[in-house]
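Excluded from the calculations below are hydrogen atoms, water molecules and symmetry mates; all remaining heavy atoms, backbone and side chain alike, are included.
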Amino acid sequence: YYITNNLRMSLFKIAKTSQPLLSRCMSMLVNDPSYSWLADIGIKEVNEGVYNGSWGGNGNIVTSVSPINEQPIAQVIEGTTEDYEEVVRASKEASKQWAMTPAPVRGEFIRQVGEHLRDKLEPLGKLVSLEMGKILPEGIGEVQEAVDIADYATGLSRMLNGKVIPSERPGHMMLENWHPLGVIGVITAFNFPVAPYFWNFTIASICGNACLWKGAPSTPLTGVACTRLIADVLEANNLPGGLSGLVTGGADVGSAMVDDPRVNLLSFTGSCHIGKQVGSKVQERMGKLILELGGNNAISVMEDADLSMLVPAVCFASVGTAGQRCTTTRRLIVHKSLIDEVVKRLKSAYKQVKIGNPLEKGILCGPLHTTAALEAYKEAISEATALGGTIEVGGNVLEGRYVEPTIVTGLPHNSDLVMRETFAPILYVVPCDGFEDAVAINNEVSQGLSSSIFTKNPEYIFRWVGAGGADSGICNVNIPTNGAEIGGAFGGEKETGGGRESGSDAWKQYCRRATCTINYSKDLPLAQGIDFS
């Protein structure tokens, strides 16, 4: 019999998936009635992980495992570099049509995406918690952030303003216009599997670009669920799927995206180490970059700080997401007159933190996402003790991937361990002599993502946010280092990468600027008064 290419591919997938499906599907959480809500967001036992207007995937079959209970959730068919090639071609073609579409029309598409996100807020939030491990209020909050940026982008689509610039030449006018780049590649990390893609996708889309997404290999189901939601809106509006392509995969897919000159801008979220490699490769091909890398963030506590505000802020900033946010507070710089009282209050608060299944009500600290993070936690605790540090509270590994949020004192502020970012709930408390000392300690690390100071002193406040204060991209006063709002540009300095996403004028990164001089006269005067007659 004659077998078409499509049928041949279907038979290939059936043969490829049947064995692992038969042996494992009965034990997968997707088949557990307690997780029936997964079907509401399109998650099945085996999910295709490539989208460019149609779903597919010819790579390995990977199993997404929940860090909550180390049980398999469901499987995803990854993409290959050949699949990537098909998706990037579709995105390139879609970008041409989209660039010529009026920006407010593009905004209406994003508005509809936001409405679909609202409709699936709870099940998507649950999936984030199940697959990543953050507590349910944070999982739902991350999806809400995607809703918020969609609302923001919808309004922004009617405000992509250029400039009219005075010309020195009579009969001339200068204009500044912003045009789309083309294809925006987005590589996101496990700790925020939803929001960073929508920061990029919503803003880049209203600017006239197509996007291509590669999520973290350990959170593939979240990428599939979000893309299914977007695909529904694309299909309802008869728009090409390449406007929001997806390639689930490993390092080979990521490398292809990094090296591809058709990807006009690459947004990468990840570690400083990998980010440096990505940055140099994209720069070699003269591509544009947004790097959102690590952050060894600190809160400084002045002698006049309101400790009733400080303690809950530090708890959320250091314990939230089990210490796995790039904006997590890892260093607490406390005025020497307050350090004993602050440590005493924090120890009491930490002992009240409930650790456990993040889908359960009242839990404040879920598991670490990977066994590698678990090992990093154990190594940091061991090193802190060996260096003479005091474990004030915590320091123990519990069952599975759960650990106790930990406070360490007695280490120098400039020790290698304190200066190194450990992606776990470990807080190093160090003393300072005053404001100048706090600023110096805050700024001495290689990253510059987020900083905060607790004080009532107006002089300290304005010096902190001034040119001689904190050298981070996010500079807070009397609030935690984490929990940024979408209206401001998100990103950091130094080894954090310098990129900006989300609000303010971050939209300009997804555009090319054109300065246009128009001569509407009958003369040809030259700039700077040059006479070339």
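At a cut-off of 3.5 Å, with distance as the only test, no side-chain donor of H116 or Q112 sits close to an acceptor on the other residue. In summary, the side chains of Y510 and E501 do not present any donor paired with an acceptor at a separation below 3.5 Å, with no hydrogens or angles considered. Side-chain polar atoms of Y350 and S318 form a donor-acceptor pair below 3.5 angstrom. Looking at T515 and E176, their side chains never bring a donor and an acceptor atom within 3.5 Å of each other. Looking only at atom types and distance, the side chain of E131 has a donor-acceptor partner in the side chain of T222 under 3.5 Å away.
The main-chain N or O of A424 is never found under 3.5 Å from a side-chain atom of T422 such that the two would form a donor-acceptor pair. In terms of modelled atom types and a separation under 3.5 Å, the side chain of T385 and the main chain of I381 share a donor-acceptor contact. Judged purely by atom type and a 3.5 angstrom limit, N396 has no side-chain atom pairing as donor or acceptor with the backbone of E404.
A pairwise comparison of heavy atoms in T154 and G107 identifies OG1-O, 3.5 Å as the closest pair.
The line from CG of N177 to CG of N161 is 11.0 Å long, rounded to the nearest 0.5 Å.
Ring geometry for F190 against F423 counts as perpendicular: the plane angle is over 60°, on a 0 to 90° scale with 30° as the lower cut. Using cut-offs of 30° and 60° on the angle between ring planes, the pair Y197 and W213 is parallel.
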Fill in: Criterion salt bridge (Lys or Arg N to Asp or Glu O under 4.0 Å) on R285 and D259, from CA distance to verdict
CA-CA 7 Å; R285 62 175 178 82; D259 293 335; 5.9 Å; no
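If you run side chain to side chain contact (heavy atoms under 4.5 Å, CB included) between D471 and each of E493, K494, E444, only K494 comes through. For the pairing with S450, the side chain to side chain contact (heavy atoms under 4.5 Å, CB included) check across T329, N476, N296, T328 returns one residue only, N476.
Under the 4.0 Å criterion applied to side-chain N and carboxylate O atoms, E142 and K134 are assigned as salt-bridge partners. The existence of a salt bridge linking R118 and D151 is confirmed by a sub-4.0 Å separation between a basic side-chain nitrogen and an acidic carboxylate oxygen.
Summarising the local packing, NZ of K163 is surrounded by 12 or fewer heavy atoms from other residues, nucleotides or ligands at distances under 6.0 Å. Heavy atoms of other residues, nucleotides or ligands lying less than 6.0 angstrom from NZ of K456 number more than 12.
In this structure the side chain of R331 never reaches within 4.5 angstrom of the side chain of V430, judged on heavy atoms.
The aromatic ring centres of F109 and W98 sit less than 6.0 Å apart.
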